[in-house]
S.K.: 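Structure provided below as structure tokens; questions to follow.
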Protein chains: 2
Amino acid sequence: MDKHALFYKLVSFTASVHHVTHELTKNAKPDSISQVQYSMLEYIAVSQPVTPSEINQCQNMSMPNTSRELSKLKEKKLIEKITDSQDRRKQYIRLSHEGEAVMKEAFETIESRFRERVQHASKEDLAEIERAIDILQSKLFYR
Amino acid sequence: MDKHALFYKLVSFTASVHHVTHELTKNAKPDSISQVQYSMLEYIAVSQPVTPSEINQCQNMSMPNTSRELSKLKEKKLIEKITDSQDRRKQYIRLSHEGEAVMKEAFETIESRFRERVQHASKEDLAEIERAIDILQSKLFYR
DNA sequence: TTATTTAGTTATCAAATGATAATCAAGAGG
DNA sequence: CCTCTTGATTATCATTTGATAACTAAATAA
């Protein structure tokens, strides 16, 4: 298979990933937060503490919009901002207890749907899946 | 690795896929069409002819919004609507010549970025990537 | 023929998102 | 001290997106 054919396979694959991600995550977040806010929370959850700059880099959004959405998340008491004691321009963002709870619940919903999806997979299948993810993550979807 | 750990690996993986997809596709579409419109065009491009119902199923959008965005795409002369001769409620959507040209250019941009991304991959790496995609598509990201 | 269902449209609305300019405050370098 | 840069905020705006209700037209079932 040449690179051109592989590229088309990739296009179809990424469409599937997006589609299935949507299936797994739909309605997993509380209605009170928007999609973008949820993505930010997910990023914060796995990378905390993070700075607003890191969030806008990683989530491809502008600083003003990042700042606005973080304010909303803070109003909803889902995150906390801590000013860096060394460089007081910097802020560290963490989930609040409530934020942790919200994300825990969301992840549990998503995980249970994931388990349904792989319920018929054998131990060997799972090992293969894991290996495949490692390969793609390191050789194609590296950041 | 148990399913729980695999799930966390999946979360990180899908985030990478989204991120890299964004890298590959950013600015590939003309400014004159929105993100949603581009997604529709991409789906139409690979699946044509499609009906509006199929689009809204696949793209997770409502019929009214699908209809509205299709109208805009038609105004921009990127698609054509053909009424089914059997069942005149049905419409078949295809790319126009201009639509084909737009998508060809977009795909070329994206493909060239893809090639940059895998430029250091050996023949064996590429074969591994292909195999990994097949595994994930069939065992995890099936629709 | 008369419902009923299906496929799609139109109109309208609120909310989310993205972009820009102007601003502030803290650090860094001269 | 003064300037420049960095990290973040505020304000404002246009556009996109998502949701809903009301509707048309064609097919199907009763």
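Predicted model only: the values in this text are computed from it and were never measured. Naming convention: chains lettered A, B, ... in sequence-line order (proteins, then strands); numbering from 1 in each chain. Quick note: numbers below take in every heavy atom, side chains included, and nothing from hydrogens, waters or symmetry partners.
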S.K.: Separation of Met63(A) atom CE from dC24(C) atom P, in whole Å?
M.R.: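 Rounding to the nearest Å, CE of Met63(A) and P of dC24(C) are 17 Å apart.
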
S.K.: Provide, to the nearest angstrom, the distance between the CG atom belonging to Leu70(A) and the P atom belonging to dG7(D).
M.R.: 16 Å

S.K.: Does the side chain of Glu100(A) come under 3.5 Å of the side chain of Gln48(A) through a donor N or O and an acceptor N or O?
M.R.: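 Yes, a side-chain donor-acceptor pair sits under 3.5 Å.
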
S.K.: Once salt bridge (charged side-chain N to carboxylate O under 4.0 Å, His left out) is applied, do any residues pair with Glu130(B), and if so which ones, sequence neighbours excluded?
M.R.: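 Result, salt bridge (charged side-chain N to carboxylate O under 4.0 Å, His left out) vs Glu130(B): Lys9(A).
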
S.K.: Is Glu69(A) paired with Lys72(A) through a side-chain N to carboxylate O contact shorter than 4.0 Å?
M.R.: yes

S.K.: When every nucleotide of nucleotides 12-19 of chain D is labelled 5' to 3' by its protein contacts under 4.0 Å (heavy atoms), B for base, S for sugar-phosphate only, - for none, what sequence of letters results?
M.R.: B---SBBB

S.K.: Is atom NZ of Lys139(A) surrounded by more than 12 heavy atoms (other residues, nucleotides or ligands) closer than 6.0 Å?
M.R.: yes

S.K.: Where along residues 73-89 of chain A does a heavy atom fall under 4.0 Å from DNA chain D?
M.R.: Lys81(A), Arg89(A)

S.K.: If every non-hydrogen atom of Phe107(A) is compared with every non-hydrogen atom of Glu42(A), which pair is closest and at what distance?
M.R.: CZ-CG, 3.9 Å

S.K.: How long is the line joining OH of Tyr38(A) and P of dT17(C), in whole Å?
M.R.: 14 Å

S.K.: Atom NZ of Lys26(B) and atom C1' of dG18(C): how far apart are they, to the nearest Å?
M.R.: 15 Å

S.K.: Check Leu24(A) against Phe114(A) and note the closest heavy-atom contact, atom names and distance.
M.R.: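 Closest approach of Leu24(A) to Phe114(A), heavy atoms only: CD2-N, 3.8 Å.
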
S.K.: Under 4.0 angstrom, heavy atoms only, what part of the nucleic acid is Thr66(B) near: base, sugar-phosphate, or nothing?
M.R.: nothing

S.K.: Quick one: Asn56(B) CG to dA7(C) C1', roughly how many Å, whole number?
M.R.: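 About 10 Å, once rounded to whole Å.
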
S.K.: Check whether the side chains of Ser16(B) and Gln137(A) place a donor and an acceptor atom closer than 3.5 Å, and report yes or no.
M.R.: yes

S.K.: Are Ile79(B) and Tyr38(B) connected, step by step, through hydrophobic side chains (Ile, Leu, Val, Met, Phe, Trp, Tyr) whose heavy atoms are closer than 4.5 Å?
M.R.: yes

